[in-house]
Number of protein chains: 2
Amino acid sequence: KTRGIAIYGKGGIGKSTVVSNLAAAYSQDEKVMVIGCDPKADTTRTLVGRRIPTILDTMRTNKNAARGDVLFTGFSNVICVESGGPEPGVGCAGRGVIVAMSLLEKLGIFEEDLGIIIYDVLGDVVCGGFAVPLREKYADEVYIVTSGEYMALYAANNISKGIKKLKGQLGGIICNCRGIEHEEDMVKEFAERIGSHVVGVIPRSELVQKSEINAQTVVEKFPESEQSQAYRQLAVSILRNRKFVVPEPMDVEEFEEFFHQ
Amino acid sequence: KTRGIAIYGKGGIGKSTVVSNLAAAYSQDEKVMVIGCDPKADTTRTLVGRRIPTILDTMRTNKNAARGDVLFTGFSNVICVESGGPEPGVGCAGRGVIVAMSLLEKLGIFEEDLGIIIYDVLGDVVCGGFAVPLREKYADEVYIVTSGEYMALYAANNISKGIKKLKGQLGGIICNCRGIEHEEDMVKEFAERIGSHVVGVIPRSELVQKSEINAQTVVEKFPESEQSQAYRQLAVSILRNRKFVVPEPMDVEEFEEFFHQ
Ligand SMILES: Nc1ncnc2c1ncn2[C@@H]1O[C@H](COP(=O)(O)OP(=O)(O)O)[C@@H](O)[C@H]1O
Ligand SMILES: Nc1ncnc2c1ncn2[C@@H]1O[C@H](COP(=O)(O)OP(=O)(O)O)[C@@H](O)[C@H]1O
Ligand code: SF4
Ligand SMILES: [Mg+2]
Ligand SMILES: [Mg+2]
């Protein structure tokens, strides 16, 4: 009944911006929870208005962390959680996600009617804790955020390999534009090559920075804007999406050929 | 006697381009070995003229891999090795580095007089195999490649946390320009804030793409160019560098404040 949606993509591609704005868009009609699964732990900052304590940090000093220590309420009642990550160089970067999921299970969070849960997951490597939302079926469906840039598409292809390996369901590709030539065509072509489709296109916009500086989402600060409309359209598109696939990622040579044609 | 240099940085920031061009620059006066420690396994493509088999792939079918199966000679006698990475979703992404170092040890490679060894290491997460070049002292000195962009500097700060934790020595910051405003000042300021310094600035240049398409380095294809000169200057700067520090990374709030001032 609760719907788990995982958003993956290369670091810096725009996952947190997409996730927080999607949550804001959904919040008017649905119950929403956002679970940050990126060591950067900043997915929920624009929903709560500040950086919230991470589960990993909380657990260091409080092994009996309670719901109120780790769940925070943001804009329009979106429930916010950050897994956190260990200090770099200290064990698996994905350990925060593992610890977080374990605590949320223990607190019985997943038994509640949570509406829509959106996971914001680092996608530069698909291993350790970062594979957990898919491997342990916390999320039934995955969407990949990419731009038309080589590195973003390369990462998207890599993530698709991970999804296939972990037997996940790819719901679609989200194009978060960086403003390069033929960007939408590139991303559309990529989506089709791996057997998927583009579920939404988010334009590049200064409103992202303007609202981010205020620790707000675009949907909250500029609700009438075209940018806000783009996030709402993406929200509807994801909610209505029925096309889920095990992706057919490209091998290394195919990907090079695809990109350079 | 052999000097081990590790080059870290966010995925896509330009590590492989810097590493391969540095190797080409050194090769005229020094013995050089390049060891790719990024699952992308493409560091040595512009030195050998093609993608070479990775150690991880080779070991799958040949547990008794010999020197000739994993070491390849490239431009100007640079010796090239690629660790490789497992398929995404299958265990630790850094496993290729662990397997590779273990094989190179077994083959006695590190006992030889190798001149300069340059490690190209993924820096989006500093864990598992990606921490090995520093933790196991294969590299005595680390340089971080960054641009003036938020995500690149954030990653550089993260890598500095890893270096500090792993008791490594940071030799300096390499600015690989993306062409954004005040880029060199941003990177210089960042370097100073963490107790380091900028060892070189590499301009953004089309010659990178032009030579890359030919599977060559800029130093090989355009030896007289200013871009080539920039790589040579960086090579000299690194060779002569005597300033090594345990970095003082910024905490999350400090970093935000640094970037947004
Ligand atoms: N559509 C967009 N238009 C303009 N800037 C964007 C857009 N999406 C993201 N950004 C910017 O890109 C940077 C990285 O976005 P973020 O959501 O934090 O990425 P991730 O969570 O994938 O690491 C942020 O500074 C954000 O302001
Ligand atoms: N100085 C530069 N000028 C122009 N393009 C560059 C420069 N350095 C790197 N690039 C381009 O950026 C992309 C990523 O570089 P690469 O060296 O593969 O990054 P990494 O190894 O860090 O993932 C490549 O397509 C490369 O052509
Ligand atoms: S599993 Fe992935 S995140 Fe964990 S140590 Fe290995 S590379 Fe790092
Ligand atoms: Mg994020
Ligand atoms: Mg590389």
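Bear in mind that the values here come from a model prediction, so they are computed numbers and not experimental data. We name chains A, B, ... by the order of the sequence lines, and we start the count at 1 in each one.
For the atom pair B:Lys10 NZ and A:Met151 CE, the distance stands at 8.5 Å (nearest 0.5 Å). Atom NZ of A:Lys40 and atom CG of B:Asn158 lie 10.0 Å apart (nearest 0.5 Å).
At a 4.5 Å heavy-atom cutoff, the contact between B:Arg51 and chain A is made by side-chain atoms alone. For chain A, the nearby part of B:Glu149 is the side chain; its heavy atoms alone come within less than 4.5 Å.
Closest approach of A:Cys127 to B:Gly91, counting heavy atoms only: CB-O, 3.2 Å.
Of all residues spanning residues 161-174 of chain B, those with a heavy atom less than 4.5 Å away from chain A's heavy atoms are B:Lys161, B:Gly162, B:Lys165, B:Leu166, arranged by number.
Residue-environment remark: NE2 (A:His182) stays at or below the threshold of 12 foreign heavy atoms within 6.0 Å. Counted within 6.0 Å of CD on A:Glu184, heavy atoms from surrounding residues, nucleotides or ligands total 12 or fewer; the atom is thus considered open.
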